[in-house]
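Because only heavy atoms are used, hydrogens play no part in the values below, and waters and symmetry mates are left out as well, while side chains stay in.
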Amino acid sequence: MFGVDPFLLSLIGTVLLATFVPCHGAGVEVFHWLAIIVIGIMFFLQGARLSRSAVVDGLTAWRLHILILCCTFILFPLLGLGFHAAFPGLLQNDVWLGVLFLCCLPSTVQSSIAFTSIAGGNTSAAVCAATASNIFGIFITPVLVGLILARHGVQDSNGLDIVFQLLLPFIAGQLLQPWIGNWARRHKKLLSLTDRSSILVVVYAAFSDAVMQGLWHKLPLSELGMIAVVDFILLAIVLIVTALTCRLAGLPFRDEVAVIFCGSKKTLASGVPMANVLFPAASVGIIVLPLMIFHQIQLFICAILARRFAEVTKRRAAAGATLSEE
């Protein structure tokens with residue numbers, strides 16, 4: 001539970017491969033189109049895997065989820081903008097864009113549900129919340145990123161790229177879900193492997209471009225350490241704020257657990273493809289670095305929290321059993 005995520009090792013290996021053997025010449029164009037194709041397939045399969053009932057629940061069960069969505073799409077971006085305004089020289093401009101992009105992303109699905117389940121929280125709420133976050137994120141994240149890019153004087157991505165590479169594949173998957181949804185869910189592990197392979201293709205293409213532009217000459221090791229510090233502080237603040245807000249709102253402990261885990265996560269699986277669509281190719285490699293580092297930090301910290309919450313859940317269950325016996 002506390003080791004390094006195997007997928008993160010694959011990402012590191014891909015970055016190293018791009019560093020020492022970057023694609024160049026005709027390979028650049030090949031990987032550019034390959035990345036576009038795998039992104040479309042990935043979002044198509046996301047739409048196909050989401051059952052219609054899960055989509056409806058995720059969109060309509062808003063009383064609990066509104067808090068999670070506020071943490072994901074309001075609290076995180078405000079914190080990112082506040083950090084940048086307070087410490088503009090702490091990180092390079094493209095790295096700051098990566099941190100702000102991270103703050104605009106939706107929550108994860110699998111790890112949010114897994115940690116909520118381990119902790120004894122409201123798993124069904126976590127499923128709906130993570131689903132809703134990802135559905136809304138397809139629409140909200142490009143808008144938030146567009147506002148941030150405009151604020152930084154960077155040209156926004158072509159809106160048609162977002163429509164054709166993200167929205168249309170997802171909608172097509174949803175439309176075909178009644179026919180292929182069961183097949184997609186039965187082969188969940190195989191499709192998960194396909195998703196991760198797609199991300200590795202995008203990462204290799206992005207970092208190859210960045211390396212050819214002199215990424216590692218521009219980014220010292222001290223900058224990587226500072227990215228980790230910023231990511232950790234962001235996560236810590238969000239975890240504290242979500243816990244305090246839940247208690248002030250009087251939410252049951254099981255719901256509090258779901259809010260904490262769903263509201264503090266950021267998706268690497270959708271984030272890397274989105275970055276490839278939303279940012280110039282030469283900037284994608286450096287922009288996804290904060291997200292890749294945040295991914296491992298959130299897994300490590302939330303694994304610790306899940307175990308501690310599980311102990312609290314067991315104590316509460318034992319106390320409840322004792323009272324019922326009396």
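Between Val284 and Ala275, the shortest heavy-atom distance links the atoms CG2-O, 3.6 Å.
Residues Ser111 and Thr108 have side chains that bring a donor and an acceptor to within less than 3.5 angstrom of each other.
With contacts defined as side-chain heavy-atom distances shorter than 4.5 Å, the pair Pro290/Val95 qualifies. With a 4.5 Å cut-off on side-chain heavy atoms, Ser264 and Cys71 do not count as touching.
Here the side chain of Asn134 pairs a donor or acceptor atom with the backbone of Ser107 at under 3.5 angstrom. Checked by atom type and distance alone, the side chain of Lys266 pairs as donor or acceptor with a backbone atom of Thr72 at under 3.5 Å. A donor-acceptor pair under 3.5 Å is formed between the side chain of Tyr204 and the backbone N or O of Cys23. A donor-acceptor contact shorter than 3.5 Å is absent between the side chain of Ser208 and the backbone of Pro22. With hydrogens and angles ignored, the 3.5 Å screen pairs no side-chain donor or acceptor of Asn122 with any backbone N or O of Asp255. Of the possible donor and acceptor atoms, one in the side chain of Trp96 sits under 3.5 Å from a partner among the backbone N and O of Pro88. Checking side-chain atoms of Glu223 against main-chain N and O of Gln92 turns up a donor-acceptor pair under 3.5 Å. With hydrogens and angles disregarded, no donor-acceptor distance shorter than 3.5 Å links the side chain of Gln298 to the backbone of Leu235.
A side-chain contact (heavy atoms from CB on, under 4.5 Å) with Leu200 holds for exactly one of Thr14, Leu17, Val38; it is Thr14.
With sequence neighbours excluded, no residue forms a side-chain hydrogen bond (donor to acceptor under 3.5 Å, both in side chains) with Thr267.
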Inset, instruction - Could you please spell out the steps behind the side-chain contact (heavy atoms from CB on, under 4.5 Å) verdict for Glu256 and Thr242? - result: CA-CA 8 Å; Glu256 178 183 334; Thr242 51; over 6 Å; no

Legend entry - Worked verdict on Cys246 versus Phe253 for side-chain contact (heavy atoms from CB on, under 4.5 Å): CA-CA 9 Å; Cys246 288; Phe253 179 73; over 6 Å; no

